[in-house]
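Have a look at the structure below, then the notes.
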Amino acid sequence: MRLLPAFTAALVVATTNATSLRDVCTTSYAQTALPADGTLLGTSVDTSSVAVTANYNVYGHIGRNDTVALTYWMPAPTDFQNRFLTTGGEAYNINEGTSSSGSLPGGVMYGAVSGLTDGGFNGQSFDDVFLIANGTIDWQNTFMMGYQGIYEMMILGREFTKNFYDTADKVYTYYQSCSEGGREGWSQAQRYGAEYDGIIVGAPAFRFAQQQINHLTSNVVEKTVGYYPPPCELELIVNATINACDPLDGKTDGVIARSDLCKLNFNISSLIGAPYYCAASSSGGGIGLGFSKRQMGGGLTTPAQNGTVTELGVKVAQTILDGLKDSQGRQAYLSYQPGADFDDAETKYDSTSDTWGLSIDGNGGEFVSKFIELLDISSITTLDNVTYDTLRDWMYTGWTRYQDSLQVNNPDLTEIALGGGKIIHFHGESDPSVPTASSVHYRESVRQIMYPGMSLNESSEALNEFYRLYLVPGAAHCGVNREQPNGPFPQTNLAAMIDWVENGVEPVLLDATVLSGDNKGQTGKLCSWPLRPLWTNNATKMDCVFDQASYDTWVYNFTAYALPLY
Ligand SMILES: *[C@@H]1O[C@H](CO)[C@@H](O)[C@H](O)[C@H]1NC(C)=O
Ligand SMILES: *[C@@H]1O[C@H](CO)[C@@H](O)[C@H](O)[C@H]1NC(C)=O
Ligand SMILES: *[C@@H]1O[C@H](CO)[C@@H](O)[C@H](O)[C@H]1NC(C)=O
Ligand SMILES: *[C@@H]1O[C@H](CO)[C@@H](O)[C@H](O)[C@H]1NC(C)=O
Ligand SMILES: *[C@@H]1O[C@H](CO)[C@@H](O)[C@H](O)[C@H]1NC(C)=O
Ligand SMILES: *[C@@H]1O[C@H](CO)[C@@H](O)[C@H](O)[C@H]1NC(C)=O
Ligand SMILES: *[C@@H]1O[C@H](CO)[C@@H](O)[C@H](O)[C@H]1NC(C)=O
Ligand SMILES: *[C@@H]1O[C@H](CO)[C@@H](O)[C@H](O)[C@H]1NC(C)=O
Ligand SMILES: *[C@@H]1O[C@H](CO)[C@@H](O)[C@H](O)[C@H]1NC(C)=O
Ligand SMILES: [Ca+2]
């Protein structure tokens, strides 16, 4: 257990002989690793003051020979404010920062004990401990990842907190995280709603099977259309879309705050023939910040790309934007909003033939090889014979196989509603990794399941009493967007949540701050769905408005499946 007043200094020791923390977490070792007097500026280290303790905080499950490691950060007793913060992970990590502080300081600063877990994966990523062997799923690890590990970390930590500070008072229980952490947050809201007072989720990867396999949709579109666009061509389409759609929200600031108006008013086929140029680069395609594993290798070189937008390029882009449809034209999933980068569509340059070709998306490729085919390999290697119908079938297989573990889209939030818990859910409107509309679809599913027979206005208002969704203009996946840098990002969600839970202040508008670009430092407000921002009076006044046609662009009916997909 690391018991910390408010912050910690981490000493990272690299040594060729050490194999574990046990080897290096000794006082004598740390003392020898410190710089000698006078070698760094004018400093002199009091080595006798140095104390190192190796801490192993583990628990197991009775009857199961397992070991789960926990970390809790504890505020000083005078700073403790009867709060516990549960944090989550990203990608296939159950917790962000299992080996570092992750987002723990974010809780301690609000007087909250903050915790994280390794899920029992012994420091490994979940995708590396998911299969016991080809064909054999480690279900215990899968359930730990799905929802159980985070829950146990919270339950054990909260009990420890009460005893540690010797308090019988209520300890407010919060959750905050984005992406996979957003999925984990929903796992808690849907299964243990009564245990939480406030859950903050960003861009959740919660409709897990559809989400992961959808990373392959762009590749299958390219294959089906028979055209592999140079990255620069798609980049131009993104840039031109931003230019065309930015002003539709009433404020020309380089940010698309109304991708729905963009869908209604801008047709990318108008770009056919537009010239594009990208200089040669040595770090892969030019698009976006990229979250796919494929783009992390580096060292790739792409040639200068000079051309004009083609009819086939537009066809690829538009088919991707329309979302996955099966061979009968039935909607199987949804896509990114116009203005988002086409990360999944990135192609690979072949210098021998001077052509662009297929590059299988790493996220989608790994999900299919491991989680669908149950083969312990990092990705499928071909999309031969893979059609839109194959993607639909894979999605269905993953959905039903992981419905009670990783797939986290149960729309019944009665328990958290009755318990008085609150939910803040946010999502970047130009997210290129988890489609923004996937969050909208879930919120609309919850509204319809929980308030049948009520009007859209009434049921939206009722749901807003405890669950609010905010789309973040122009933002990318869990962060700001290099292509639309002037947009604001919500930075004080935990403060807003504490105010809602402990003081009853409803976050009708969510505070956000511009972190880069021309407007850096300016503050903004985010509208609560289904209301959408619209600026008037020469962009000096923002209103949150309802517009039926815009709303309709966000609504999907997944008729490719016999079951309803929430
Ligand atoms: C429990 O796991 C440890 C470490 O892997 C192993 O040494 C031990 O034999 C196991 N015990 C049982 C009862 O399986
Ligand atoms: C797209 O816009 C970015 C600036 O946001 C610029 O750096 C890039 O060169 C543009 N790409 C193309 C193809 O015009
Ligand atoms: C975009 O324009 C093309 C060409 O005029 C047309 O075929 C297509 O239907 C339009 N798409 C939309 C969504 O209006
Ligand atoms: C791109 O190609 C066009 C037409 O061939 C040419 O006029 C232009 O100079 C080229 N631009 C660059 C930057 O190479
Ligand atoms: C698992 O399957 C993959 C793909 O067929 C194969 O390459 C690998 O050797 C298999 N692993 C084991 C341990 O059999
Ligand atoms: C694709 O289908 C053809 C015809 O059924 C088959 O011969 C081929 O092996 C398949 N390719 C792959 C990679 O499965
Ligand atoms: C519901 O209708 C009222 C009155 O028109 C309006 O002020 C409010 O914004 C609407 N709320 C939602 C969530 O649509
Ligand atoms: C609108 O705002 C811009 C930028 O603040 C300013 O330059 C312009 O004069 C304004 N236009 C009117 C009609 O007020
Ligand atoms: C979805 O489509 C099906 C089949 O066309 C229809 O029966 C159903 O009512 C639709 N659901 C919604 C919510 O529109
Ligand atoms: Ca704008």
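We count ligands from 1, going down the list as the structure has it; atoms in each ligand are counted the same way.
- Closer than 4.0 Å to atom 10 (C) of ligand 8 lies at least one heavy atom of the protein.
- Between Arg258 and Asp260, at least one side-chain N (NZ, or NE/NH1/NH2) sits under 4.0 Å from a carboxylate O, which counts as a salt bridge.
- For Trp186 and Tyr442, the gap between ring centers is short of 6.0 Å.
- Seen from the Ca ion (ligand 10), atom OD2 on Asp249 and atom O on Val255 lie at an angle near 80° (rounded to 10 degrees).
- For Asn557, a nitrogen or oxygen atom sits less than 3.5 Å from a nitrogen or oxygen atom of ligand 9, counting backbone and side chain alike.
- Of the candidates Asn537, Asn538, Thr540, Asn538 brings a heavy atom nearest to atom 6 (C) of ligand 8.
- Here the angle at the Ca ion (ligand 10) defined by O in Lys251 and O in Asp246 stands at 90°, rounded to 10 degrees.
- Checking atom 2 (O) of ligand 8 against the protein gives a heavy-atom contact under 4.0 Å.
- At a distance under 4.0 Å, a protein heavy atom can be found next to atom 14 (O) of ligand 8.
- For Asp253, the N/O/S atom at the shortest distance from the Ca ion (ligand 10) is named OD1.
- For the pair Arg443 and Tyr467, the cation-pi criterion (under 6.0 Å, within 45° of the ring axis) is fulfilled.
- Side chains of Glu483 and Asp341 form a contact here, defined as non-hydrogen atoms less than 4.5 Å apart.
- The nearest protein atom to atom 5 (O) of ligand 9, hydrogens excluded, is given as Thr559 CG2, 4.2 Å; this is a heavy-atom distance.
- Each of Phe558, Tyr566, Tyr556 was compared with His441 under the ring-ring contact (aromatic ring centres under 6.0 Å, His included) criterion, and only Phe558 meets it.
- Judged by a 6.0 Å distance limit and a 45° cone about the ring axis, Arg183 is not positioned over the six-membered ring of Phe206.
- For the pair Thr387 (side chain) and Asp389 (backbone), a donor-acceptor distance under 3.5 Å is present.
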